[in-house]
Each structure stands twice: as structure tokens, then as C-alpha cells.
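Here is how names work: the chains are called A, B, and so on, in the same order as the sequence lines, proteins then strands, and each is numbered from 1. The shown structure was predicted, so the numbers you read here are calculated from the model rather than taken from an experiment.
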Amino acid sequence: MSDQERRRISGMAPVTSVKEALRSEAPVAALEVRGWVRTRRDAKDFSFLELNDGSSLRNLQIIAKDSLTNYGEIQRLTTGASIRARGPLVASQGKGQSWELIADEIEIVGASDDTYPLQKKGHTPEFLREISHLRPRSNLFGCVFRVRSRLAFAIHQFFQDRGFVYVHTPIITGSDCEGAGELFRVTTIDPQKPPHLPNDGGIDYAQDFFARRTYLTVSGQLEAEAFACALSKVYTFGPTFRAENSNTSRHANEFWMIEPEVAFCDLNGDMDLAEEMVKYLVRDIREKCPDELELFAKFVDKELTARLEFVLERPFQRITYEEAIALLQKSGRKFDFPVEYGLNLQSEHERWLTEEHFKCPLTVFNYPKEIKPFYMRLNDDGRTVTAMDLLVPGIGEIIGGSQREERLDVLEENLRRHKMDRADYKWYLDLRRYGSVPHAGFGLGFERMLMFVTGVANIRDVIPFARTPGSAEF
RNA sequence: UCCAGCGUAGCUCAGUGGUAGAGCGAUCGGCUGUUAACCGAUUGGUCGUAGGUUCGAAUCCUACCGCUGGAGCCA
């Protein structure tokens, strides 16, 4: 909608965002801005107001002259108040900004007072976390959530540009995806008086809402496989729930995950896709959110600019699990946990590899079958599976993926070996029974990617209202 | 869930057995086309909660709660 159209509809001056106003190339006779007052500074016969509307990191400076009819009220404006201001946009006489608005009229929409918790001084992210409903009004969190929005958009753009179909896999699910994490149960059974089975007294879930046990999804992978084996290239992007009692800066109980799944694709194609995507996303954010990245580089992570530069310039390293073990054993480094073929790589091992040895993102692939789930494809060596983890400095695992086992007999053997019930996976086995194809995919933790791009160290600070053990306020 | 650390003013912190402090913020006044303005004054507290030790506890002990970091699990 053009400014003129907006004016015709609203019958008043066109509403301009702070971002648009600051990008102006010439003075404007009259415009209207709306937003929240960040600070007020009084001059001799007028007052400076810093207005922020979230459209940008930057504020618009508003000149409120003492000739305004409500100047007395304006001088009592405190940080946090919401206003509407109308007037001409002119070149600023002061340094620090090129444009400012000379107000002909300022309407106080919602006053604030001295109990407003955000002060015009720095706050720690930990304090701001306690006021999650107000923290998007801070510079840091405004930036985080603008980048979050852009990153989500860039993910869709990446896949849509490449012909992937966006699939909405179920959020309520009957499959537990082979213990990818503890599950949140979904039920309408009254815990005071649950229906019992006739004999052993256990709960009769056949009488529950879905006539079976159901959970919040921990992964859409299995369902995505079904769609990949029809639409060829698909991706999911949605909320994921894990009831793990994890208390770390990298875990949340509700997070968003992106899970591409590609038919006629092997592990190499999968790793190529993962690396291409990570680079694409970094490049997009660098291009589209420069102001935000500048703030992160200044106040959050001094290394950020160099690290992102590095990610774009250098090819990612790629080594097998066996090579990783050999490197760790030769490192001469003393680790708390043993390094031995057949054992999982610990955080300290992954960190050494990506942060100290290679100093760049690293994909480790072909893990021993014993430490990986049933659906991963068995390699010809008979002892490893086509798993891959993409590790990045500072965060660790950001992507986990694999080529899926497409051979019916091998998959059935895997189910037996993992002591899983074939009946629960009938539909999944059908995909191998009818027109089975090699296919592969991975899961990208959206918030972990966002942490990597912004340098923000705690996952709770890249989620609007984070859910973690013992904490579901707001 | 395990290990470690921390809970003192609105915020960030100092205070390690003897009268509860600073900076910032806020409030008031002054100055001023200012930029987290500047100058002066004022305001500010059940020291996380509950017990215990002691003549006396913010300080020592115990339990609990909360937060932070790390581990495991993973994205």
C-alpha cells in the first residue's frame, strides 16, 4: 500500500515506520510515527524523545518544542511510554543521526511510570529473561527476534528455491521415533479417575481420546520420509517437544526443528545439502540484518564477524568417526572421557575437533551402528551406519542426519536388534515394501542455528518465551 | 538427573562474626541541539526462605527454593 493510499484510508498523515523514516533520502513535509519512548532529554525550550517501534535497532529522534499544547505532559514522559507523533522530517542539526522529526503534535497513547523495569542503561540477559514480556523492547532482544524472523524466512526460501515441498508433520503423534528423547504425553484422561484395564489395574489407553497412547512429537522424520517417498524433496519446519530434564544453555523442552528429507539421495548428498544450507543462511543474515549483527559483534560476541566470515570462505571439513577417533587419540590432549572406537564422542571431544583442531564447521560421519538408531543405513563394512553430525565452534552439534535404511530385510533386522516391535512400524516398513528408494535427511535445530548466527550463548535468549524444566511462565 | 558457583537497594556489585555500602537508575533542582548528556541534592534494604550455632549472623552450620555455568541426553 502506498503512502497516499494509507492517507486516503486513514484520513490522516501517512504512518511511517522508524526504519523507513531513517532511510529517507529527502525531507518529508508531514508524517506520523508511532512507538515507545526509549529516553527523553530536556533542552532549554524543547525536549528530545528517542522513539523506537521495533522496525529497526535505531531510534528516531523527535523534537518536542515547548510550544506544544501538552508540553507539560511530554516533560513527564518516562521510558516505556507509547506515543504517536506527527510533523515534518528534517535533516538533523545534531550529530549522530541524519534525520529527526519536528513534532507538530504528540499524542500520549499509553503512559509509563518509574516502576518500568527497563532502564536506560545496560541490563544482563539473565535479568531480562525474568521479564520476557518486556525484553523485546530492549535493543538486544529486538535484534534477536528480528533475526529470528528473517532466519525462518531464509530457511523457507532456501528450500523453496530448490523445489522442496513444505510438509506439516503431526504435532500429536503415536510414534515415539525410537526414543529421540523423553516424551510429553497427550491425554484427556482424568488423572483422578483413569479408566483401568480389567485385570492388572493398569490404565486403559484404549479409552483415551485417540484410543491409544499419544505424545507431542519429538521429530517429524518418519512422517517426512513417507512424503519424501512421494514428493521427492520435502522439509518440515515446526515445533518439537522433548521432556528431557536437561539444564544447559543449548537445550529447551520446546524448540523448532527443520527436517529436510530427500529421495534418491545418499549420505554425501545429505552432507552437501546440510553444508550448503548453513552457508546460505549465514550469507542471508549477513546481507539482510547488518545492523543487528553489528550489535551482536559489539556487545555479545567479539569473534562473531570473523567466525561468520570464516564459515563462508572455508569449505567445511568432513571426516569419518574412525578418523575423528584417531585424531583425538593422537592429539596428546588429556580428556575427561575415554576416546575409543565404539564410544560416543563427548562434548569435550567435539569441541576439540571443531574449535581447536579444525577451527571451522566439521561434519563427522559413519558411526558404529551400536551407538545409532535403527533407521540409519548400514554401510557395506557391516559395522558402521551412515550417520552424520555437523559440529560448529561454540555450540557443538547443530545438525544430525543420516541416509535411511531402505532395504526391508536389513531394516527388519535392525528392529529386532533394537528390540522394537515391528507392529508399531508397519507403515514405516511399507515405505520399503512398495517402491523403496535410497533417501536421506537431517534435523537442524533452529534455535541452535540462531545462536550460531547471533553469537547469543543461551538458547533461552533466542526463544520468545522459553520452556525449560521447572519454567513455563508467560 | 549429577557436579560446581551464586542469591545484599529497581539494576550491577562490594561487604567473610560487632551500627548495611558504592556506582548506575529513579525523583527534585540547575545547565544545555542533546546522544546510556552534564552538575548538585534527594530517594532507596525483612541481606532468597525456614531452622540452628553465638552475647551478637549478610557473614558460620543444616534444609529447602530460585538462578547461573558445566556434564549426560540431544537439535
Side-chain angles (χ1 to χ4, degrees), chain A residues 38-50 58-65 75-76 78-80 90-97 100 102 112-131 138-139 177-182 218-221 236-237 239-259 274 299 335-337 344-348 350-351 371-373 389-392 395-401 442-452 457-463 468-471 473:
Chain A
R38 283 295 180 81
T39 77
R40 195 196 75 242
R41 292 181 294 272
D42 291 332
K44 194 168 182 182
D45 44 17
F46 63 97
S47 201
F48 294 105
L49 300 176
E50 294 279 341
R58 308 196 56 191
N59 304 323
L60 179 66
Q61 176 161 289
I62 294 172
I63 309 296
K65 292 185 174 161
Q75 280 197 303
R76 270 178 269 120
T78 57
T79 305
V90 303
S92 177
Q93 296 173 33
K95 297 191 182 85
Q97 62 280 316
E100 63 191 17
I102 311 279
S112 185
D113 65 34
D114 60 8
T115 62
Y116 185 64
L118 289 169
Q119 306 171 353
K120 54 178 174 185
K121 54 168 272 188
H123 284 300
T124 60
E126 289 80 15
F127 169 69
L128 292 170
R129 210 177 286 155
E130 293 168 20
I131 47 168
S138 69
N139 285 340
C177 205
E178 204 257 333
E182 295 293 314
V218 291
S219 167
Q221 180 201 315
T236 74
F237 185 3
T240 308
F241 307 88
R242 305 227 173 137
E244 287 290 336
N245 192 3
S246 310
N247 237 300
T248 82
S249 54
R250 281 161 276 113
H251 291 83
N253 298 111
E254 177 181 320
F255 62 98
W256 284 58
M257 190 157 65
I258 297 98
E259 296 182 289
F299 295 113
F335 295 107
D336 293 336
F337 289 87
N344 265 310
L345 294 179
Q346 302 290 317
S347 285
E348 58 172 351
E350 295 180 345
R351 258 207 313 274
I371 58 173
K372 289 293 176 184
D389 284 349
L390 176 56
L391 313 173
V392 296
I395 293 165
E397 185 179 342
I398 198 169
I399 285 175
F442 61 81
L444 166 75
F446 179 63
E447 284 81 6
R448 287 192 182 171
M449 185 68 207
L450 188 55
M451 291 165 74
F452 183 65
N458 195 311
I459 198 165
R460 299 172 183 98
D461 295 334
V462 296
I463 299 176
T468 52
S471 175
E473 212 193 337

Ignoring hydrogens and geometry, is there a side-chain-to-backbone donor-acceptor pair from [X] to [Y] under 3.5 Å?
X: A:E100; Y: A:I63; result: no
X: A:R448; Y: A:E397; result: yes
X: A:D45; Y: A:K65; result: no
X: A:S92; Y: A:G94; result: yes

Watson-Crick or G-U wobble partner for [N], using a 3.5 Å limit on both distances?
N: B:rC47; value: none
N: B:rG33; value: none
N: B:rG17; value: none
N: B:rG5; value: B:rC67
N: B:rG72; value: none
N: B:rA22; value: B:rU12
N: B:rG56; value: none
N: B:rA41; value: B:rU27

**OP:** Establish, from distance only, whether the side-chain atoms of A:S47 and A:Q75 form a donor-acceptor pair under 3.5 Å.
**Re:** no

For atom [atom1] of [X] and atom [atom2] of [N], their distance in whole Å:
X: A:N247; N: B:rG66; atom1: CG; atom2: C1'; value: 11 Å
X: A:L390; N: B:rC74; atom1: CG; atom2: C1'; value: 15 Å
X: A:E244; N: B:rA75; atom1: CD; atom2: C1'; value: 12 Å
X: A:E126; N: B:rG66; atom1: CD; atom2: P; value: 18 Å
X: A:E130; N: B:rG66; atom1: CD; atom2: C1'; value: 9 Å
X: A:N344; N: B:rA75; atom1: CG; atom2: P; value: 11 Å
X: A:N245; N: B:rC2; atom1: CG; atom2: P; value: 9 Å
X: A:I459; N: B:rG69; atom1: CD1; atom2: P; value: 12 Å

**OP:** Determine if A:F446 stacks with B:rA75; use a centre-to-centre distance below 5.5 Å and an interplanar angle below 30° as the criteria.
**Re:** no

Mind checking [X] for me? I need base, sugar-phosphate or nothing, with any heavy atom below 4.0 Å counting as a touch.
X: A:R351; answer: sugar-phosphate
X: A:N458; answer: sugar-phosphate
X: A:S249; answer: sugar-phosphate
X: A:I258; answer: nothing
X: A:T124; answer: sugar-phosphate

**OP:** Map A:F337 and A:S471 onto RNA chain B by nearest heavy atom, then report which one ends up closer to the 5' terminus.
**Re:** A:S471

Strictly below 4.0 Å: does [X] bring a side-chain N or O up to OP1 or OP2 of [N]?
X: A:R242; N: B:rG72; result: no
X: A:T248; N: B:rC73; result: no
X: A:Q346; N: B:rA71; result: no

How far, in whole Å, is [M] from [N] if one measures between their [atom1] atoms?
N: B:rG48; M: B:rA9; atom1: C1'; value: 15 Å
N: B:rG10; M: B:rG51; atom1: P; value: 24 Å
N: B:rC3; M: B:rU12; atom1: P; value: 28 Å
N: B:rA36; M: B:rU16; atom1: C1'; value: 35 Å
N: B:rC61; M: B:rC6; atom1: P; value: 11 Å
N: B:rG69; M: B:rC64; atom1: P; value: 23 Å
N: B:rU19; M: B:rC47; atom1: P; value: 15 Å
N: B:rC67; M: B:rU8; atom1: C1'; value: 15 Å

Subject >> Reading 5' to 3' through nucleotides 25-40 of chain B, protein heavy-atom contacts under 4.0 Å coded B for base, S for sugar-phosphate only, - for none >> reply: SSS----BBBBBS---

Original post:
Taking side chain as C-beta onward, heavy atoms only, is A:M257 less than 4.5 Å from A:Q221?
Top reply: no

Original post:
Hey, which of A:F446, A:F241, A:F237 is the one that makes ring pair (Phe, Tyr, Trp, His ring centres under 6.0 Å) with A:W256?
Top reply: A:F237

**OP:** For A:A274 and A:L390, work out which heavy atoms get closest and say how close.
**Re:** O-CD2, 4.4 Å

**OP:** Kindly give the heavy-atom pair with the smallest separation between A:D389 and A:G401, and that separation in Å.
**Re:** OD1-N, 4.5 Å

Original post:
From A:R38 CZ over to A:N59 CG, what is the distance, rounded to the nearest 0.5 angstrom?
Top reply: 5.5 Å

Original post:
Looking at B:rC73, does its base get a donor-acceptor pair with the side chain of A:S246 below 3.5 Å?
Top reply: yes

**OP:** Establish whether the base of B:rA75 is bridged to the side chain of A:R250 by a donor-acceptor pair shorter than 3.5 Å.
**Re:** no

